Participant: 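Structure provided below as structure tokens; questions to follow.
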Amino acid sequence: MNENTAPRAHLPESAVLESALAADHPLVDGRTTSAPLIRALRGDRPDTTPVWFMRQAGRSLPEYREIRAHTPMLDACLDPELASEITLQPVRRHGVDAAVFFSDIVVPPLLAGVDVDLVAGRGPVFAEPVRTAADVARCRAEFTPERLREALDPVREAVRRTVTALGETPLIGFAGAPFTLAAYLVEGGPSRDHLRARTLMRSDPETWRELLEWVADLSSVFLEAQVEAGASAVQLFDSWAGSLSVADYRAHVAPASQRTLAAVQGIGAGSAASPTVPTIHFAVGSGHLIEETARLGTSALGVDWRTPLDEASRRLGDTLPLQGNLDPAVLGAPAAVLESAVADVIARGSRAPGHVLNLGHGVPPEADPAVLTRIVELAHAS
Ligand code: CP3
């Protein structure tokens, strides 16, 4: 599959924007065009398997913990110098094939004006949960995408600095998928089964649709800012989609995720000369949703550790580049177990048109960074 036909074929007309990438964007001036990550996401087979790790910028690194000892999480996200430095740390240390922008899925609502914090050991906590039609209407009126766009300068600045330092290594931008963000907003914080969110979805589908559309637009604006400032690919993270049935995902969630992906795929789509920006769609625990997520249109699909990559590829007719999916549990296993697990993932991934090696979810804080460096060496030697 090639990037000029795949995502655009799925674009709703409204997504085809006038905007195009700037002349000094790394995908336009060619800095990252031949990077193994970009080639694999476009369905090609570079000489070595590209590898990066979700949550590579974070608590597994002593140099990260050193910075965070003096600075609260969201302050670090909004300080361009710190956010850029943290983004670069794992690239320097591990030699990964991509940086992932250090930020968080709650940064868009925060910058749009929503009262949210990241509580250590817990996760996102919203001061005022969004549960009724009136709550949703107030959020849509007050915390608008325009307000977010005007507050994104620290993110744009951090991305620009990072991209300059990275040279030929691509930066991956990211955002939370609408369902995951909406689940936190409705619950007010982390929850096991997202029951309140799913109850709202079932009992008031129209309010739910308006909530997801609003959140999708915040995530779209966040991704657009990262891409315009120089990100060469983006990943949409859906941490909680696995709690949904296929039918609910299709009816109540897929359109909003598609809206966000399409916003990125629309950049430059009006111009024959502009390259498109590859997208990765990753939903945790969603082996049952592989066909549904692929149908939304994406350059590549992230797969968690529960579904073998060859099986995922077979179910998709071997049409889509895949990313994943080493079980984070093997990071703590003996070297021989780790090595055979990496070899197994690379062998299964060879069935797909392209493969980006990654974990099946984020790096656990207690991971030994030397093990991550070893995985990069193994991938590059294979
Ligand atoms: O390296 C990277 O991947 C880039 C940075 C990144 C962070 N969060 C930094 C972070 C990314 C991509 C995210 C995404 C994110 N944030 C998701 C989706 C991905 C996933 O893992 O499923 C979700 C659900 C969140 C929400 C969130 N933010 C949680 C659940 C937590 C953990 C809270 C805790 O302390 O256990 C956070 C905080 C957070 N985001 C940290 C980091 C490095 C830890 C903060 C710290 O160092 O104290």
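All values below were derived from every heavy atom in this structure, side-chain atoms included, with hydrogens, water molecules and symmetry-related copies excluded. Since the model is a prediction, treat every value here as computed from it, not as a measurement. Start at 1 and go down the list; that is how both ligands and their atoms are numbered.
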Participant: Got the closest protein heavy atom to atom 13 (C) of ligand 1, with its distance?
Facilitator: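 I find the closest protein heavy atom is Arg55 NE, 3.7 Å.
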Participant: Suppose we measure from atom 19 (C) of ligand 1 to each protein heavy atom; which comes out shortest, and what is that distance?
Facilitator: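 Ranked first by proximity to atom 19 (C) of ligand 1 is Phe237 CD2, 3.2 Å.
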Participant: Could you identify the single nearest non-hydrogen protein atom to atom 35 (O) of ligand 1 and state the distance to 0.1 Å?
Facilitator: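 Atom 35 (O) of ligand 1 sits closest to the protein heavy atom Gly121 N, 2.7 Å.
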Participant: Specify the protein heavy atom at minimum distance from atom 30 (C) of ligand 1: its residue, its atom name, and the distance to 0.1 Å.
Facilitator: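 Sorting protein heavy atoms by distance from atom 30 (C) of ligand 1 puts Tyr184 OH, 3.7 Å first.
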Participant: Tell me whether the rings of His194 and Trp240 are parallel (<30°), tilted (30 to 60°) or perpendicular (>60°).
Facilitator: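 Rings of His194 and Trp240: tilted, 30 to 60°.
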Participant: Applying side chain to side chain contact (heavy atoms under 4.5 Å, CB included) to Val96 and Gln56, what does each step give before you reach the verdict?
Facilitator: CA-CA 9 Å; Val96 278; Gln56 65 188 16; 3.7 Å; yes
Participant: So do the side chains of Trp214 and Phe143 get within less than 4.5 Å of each other, counting heavy atoms only?
Facilitator: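 Of all side-chain heavy-atom pairs linking Phe143 with Trp214, at least one is under 4.5 Å.
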Participant: Closest by any non-hydrogen atom to atom 9 (C) of ligand 1: pick that one out of Ser103, Cys77, Ala99.
Facilitator: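 When every heavy atom of Ser103, Cys77, Ala99 is considered, Ser103 comes closest to atom 9 (C) of ligand 1.
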Participant: So which heavy atom in the protein is nearest atom 48 (O) of ligand 1, and how far is it from that ligand atom?
Facilitator: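 Going by distance alone, atom 48 (O) of ligand 1 is nearest to Arg68 NH1, 3.0 Å.
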Participant: Taking 4.0 Å as the limit for heavy-atom contacts, which would you say applies to Tyr64 with ligand 1: side chain only, backbone only, both, or neither?
Facilitator: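 Tyr64 to ligand 1: side-chain contact only, backbone stays beyond 4.0 Å.
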Participant: Measure the distance from atom 23 (C) of ligand 1 to every protein heavy atom, then report the residue, atom name and distance (to 0.1 Å) of the closest one.
Facilitator: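 Here the closest protein heavy atom is Ile105 CD1, 3.6 Å.
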Participant: In terms of side-chain heavy atoms, does Gln265 have a donor or acceptor partner in Thr279 at a distance below 3.5 Å?
Facilitator: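 Present: a donor and an acceptor within the cut-off.
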Participant: Go through the structure and list residues passing side-chain hydrogen bond (donor to acceptor under 3.5 Å, both in side chains) with Asp304, not counting sequence neighbours.
Facilitator: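 For Asp304, the residues satisfying side-chain hydrogen bond (donor to acceptor under 3.5 Å, both in side chains) (neighbours in sequence not counted) are Arg306.
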Participant: Give the single entry among Phe282, Phe53, Phe174 that approaches atom 12 (C) of ligand 1 most closely by any heavy atom.
Facilitator: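 Minimum heavy-atom distance to atom 12 (C) of ligand 1 goes to Phe174.
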Participant: Just jot down the ligand 1 atoms closer than 4.0 angstrom to any heavy atom of Ala57, in number order.
Facilitator: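 In order of number, 1 (O), 43 (C).
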Participant: Atom 18 (C) of ligand 1: which protein heavy atom is closest, and how many Å away?
Facilitator: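 Result: Ser239 OG, 3.2 Å.
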Participant: With ring pair (Phe, Tyr, Trp, His ring centres under 6.0 Å) as the rule and sequence neighbours excluded, what pairs involving residues 77-122 come up?
Facilitator: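 Of all non-adjacent pairs touching residues 77-122, those that pass ring pair (Phe, Tyr, Trp, His ring centres under 6.0 Å) are Tyr64-Phe102.
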Participant: Any atoms of ligand 1 less than 4.0 Å from a non-hydrogen atom of His361? List them with their elements.
Facilitator: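 Here the atoms of ligand 1 in question are 20 (C), 21 (O), 22 (O).
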Participant: Considering only protein heavy atoms, which is closest to atom 40 (N) of ligand 1, and at what distance to one decimal place?
Facilitator: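 Atom 40 (N) of ligand 1 sits closest to the protein heavy atom Asp104 OD1, 2.8 Å.
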